[in-house]
Amino acid sequence: MKNLIEIQQMLAGQWSGINSRDLVNDATGSLLNDPGDWDPPRGITPRIKTIPLAIGIPDGASLPKEELSQLASKVITRPGEAAFVYGFGVGYRALRAQLAQKYTADRGLEVNEEWFQLCNGSSGAIDLVCRTLVQPGDVIITEAPTYMGTLRNFKAVQADIRAVPMDKDGLLIPDLEAAIQQALATGKTIKFIYTISTFQNPTGATLSRKRRIELLKLAAKYKILILDDDAYGDLYFDQRPPESLTSLSGGYGVLTVGTFSKTIATGLRIGWIHGHPSLIGLFGKMRFAMGLNQMMVRIISAYIEDGYLEHHGKLVRSIYREKMETLANALDRHAADFIDYDRPQGGFYLWIRLKNGIKAQDLWRTAAEEGVGFTQGINFFPNRVDPEQHIRIAFPWTQLSQMEEAATRFGRACARVSKGDIA
Ligand code: PMP
């Protein structure tokens, strides 16, 4: 029997010669080669501390720390052990019932807790939908541009991603039908159509009511499921968005994923799948992670129970409207000659088309040098081609007092690039 030192030497010899990339499956292999979306440009030294306009997370000062800390203590000191043990299956019933109440009131489709499966955020929800439904090679149709994080979910199950263009009213329906027909003509199975129908990431666009109905009509004609990612629907500035796809559908053929990440905080990691109970029943069995964080679901449930969520919703809607308007007004003053965009009606993002031949990558690098960060549009296109040259600006996290300075730096970077002074 060899002694431990010899065994360790043998292991070290074997493993030092192994490239860890050789260990991964094909899906992970394809993801390893993806560029990081949040990496700053290489080789650029900011002249001044950077103001980020790239971060799609809630306003720091709005975080309800006091309320959550009181409720956490209440949940932890409750009699019994429920918050301390595994929670399997569909998730904490009381929170699902509260979601059902909220959906019934806000979206006009009468539902109960059986219409909800709790998940680890909406990205966990999308992951669960994908792992339950998608076979390698199945087609998923998505908007272009779309949220890049979800593209990773799709790649992780080796889906065949087909992109359909959109405009300020959402998916272009004739292009969608053409994509459906093209996939079916080659014998493909289309698993679902993925849309971020309301205040989309990255464009801020909302699928119009007319197009919502046309989309449902197409989905019915070809018997294709719709996956609606509704991360931002509650964050409207003035008017509520059009009636949701799930409510317009009467509850059939639409799965909606939602989250507390954008309305409360991304670190909570609580989201859900909402759909007809016959579909929701599919997902419980695919959950192998021993359930969600049982404390957090109870804390959020208490937060809703005590009426905080409704109050908080009003607060953050007004914060984001003011931030969006302040930033947009400043950009119009400092960069109007270089940019073109529509003001969103809600959500977190400005989707900006660059004018006068400015390239997104040149501006991204030069702006980094000037001390302002944002995301290049190319990251949101499944094929990584953005012929019109866009950038995405996220306004929720940046402080109101920094908006004017951020826009000044942005305008300076635009002026530099248009004169050929590129970092
Ligand atoms: N969907 C969309 C459209 C998003 O923008 C995000 C977050 N950027 C997510 C899903 C993931 O959110 P979470 O997992 O935190 O709920």
Side-chain angles (χ1 to χ4, degrees), residues 36-38 52-59 63 91 95 99 116-131 140-156 161 163 166 170-171 192-207 226-236 241 244-246 254-274 283 287 289 292-293 296-297 300 309 316 320 324 344-351 374-377 379-382 392-398:
D37 319 313
W38 292 278
L53 291 174
I55 304 178
I57 71 174
D59 175 84
L63 297 174
L95 182 55
L99 286 171
F116 293 87
Q117 159 82 55
L118 299 184
C119 300
N120 185 39
S122 50
S123 43
I126 293 165
D127 176 55
L128 181 54
V129 170
C130 286
R131 278 187 297 116
I140 297 175
I141 300 182
T142 178
E143 291 150 355
T146 188
Y147 171 52
M148 76 282 251
T150 302
L151 293 175
R152 271 193 289 277
N153 287 121
F154 295 165
K155 287 181 189 173
I161 303 168
M166 57 180 291
L171 268 175
F192 52 81
I193 300 164
Y194 173 70
T195 176
I196 308 166
S197 64
T198 309
F199 313 135
Q200 200 232 24
N201 182 3
T203 64
T206 292
L207 190 66
I226 295 170
L227 177 61
D228 185 13
D229 181 350
D230 192 22
Y232 300 97
D234 282 334
L235 295 173
Y236 52 90
S244 67
L245 282 164
T246 178
V254 179
L255 290 172
T256 306
V257 295
T259 179
F260 293 110
S261 283
K262 310 295 166 154
T263 46
I264 311 178
T266 50
L268 304 178
R269 308 311 307 135
I270 303 295
W272 57 89
I273 310 172
H274 164 57
F283 300 116
R287 300 209 74 247
L292 287 179
N293 179 330
M296 194 47 77
V297 288
I300 294 178
L309 184 62
V316 291
Y320 300 137
M324 188 279 289
Q345 309 290 309
F348 278 2
Y349 309 105
L350 295 180
W351 181 241
F374 49 78
T375 313
Q376 292 184 74
N379 291 307
F380 301 94
F381 288 91
R392 188 198 74 173
I393 280 183
F395 50 79
W397 196 76
T398 312

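Counting starts at 1 for both ligands and their atoms, in listed order.
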Q: Among all protein heavy atoms, pick the one closest to atom 14 (O) of ligand 1 and tell me residue, atom and distance.
A: Ser123 OG, 2.5 Å
Q: Under 3.5 Å, is there a donor-acceptor pair between the Tyr147 and Asp229 side chains?
A: no
Q: Is a side-chain N or O of Arg392 found less than 3.5 angstrom from the main chain of Ala54, in a donor-acceptor match?
A: yes
Q: Establish, yes or no, whether a centroid distance under 6.0 Å links the rings of Phe199 and Phe348.
A: no
Q: Would you check whether Phe348 reaches within less than 4.0 Å of ligand 1, judged by its heavy atoms?
A: no
Q: Residues in salt bridge (charged side-chain N to carboxylate O under 4.0 Å, His left out) with Asp228, at least two apart?
A: none
Q: Identify the closest protein heavy atom to atom 5 (O) of ligand 1: which residue and atom is it, and at what distance?
A: Tyr232 OH, 2.5 Å
Q: Working to the nearest 0.5 Å, report the span between CD1 of Ile270 and CG of Asn120.
A: 7.0 Å
Q: Does an N or O anywhere in Tyr194 fall below 3.5 Å from an N or O of ligand 1?
A: no
Q: Geometry only, no angles: is Thr150 polar-contacting ligand 1 at N/O separations under 3.5 Å?
A: no
Q: Quick one: look up the protein heavy atom nearest atom 7 (C) of ligand 1 and list residue, atom name and how far away it is.
A: Lys262 NZ, 2.8 Å
Q: To the nearest 0.1 Å, how far is atom 1 (N) of ligand 1 from its closest protein heavy atom, and which atom is that?
A: Asp229 OD2, 2.6 Å
Q: Would the Trp272 and Phe283 ring centres measure less than 6.0 Å apart?
A: no
Q: Counting from 1, what ligand 1 atoms have a heavy atom of Ile196 closer than 4.0 Å?
A: 3 (C)
Q: Under 6.0 Å between ring centres: does that hold for Tyr349 and Tyr232?
A: yes
Q: Which atoms of ligand 1 sit under 4.0 Å from any heavy atom of Gly121?
A: 14 (O), 16 (O)
Q: Find all atoms of ligand 1 within a distance of less than 4.0 Å from any non-hydrogen atom belonging to Ser122, and give their numbers and elements.
A: 9 (C), 10 (C), 11 (C), 12 (O), 13 (P), 14 (O), 16 (O)
Q: Give a yes or no on whether the backbone of Thr203 and the side-chain of Gln200 come within a donor-acceptor separation of less than 3.5 Å.
A: yes
Q: Can Arg269 be said to touch ligand 1, with heavy atoms closer than 4.0 Å?
A: yes
Q: If the contact criterion is a heavy-atom separation under 4.0 Å, does Thr266 count as touching ligand 1?
A: no
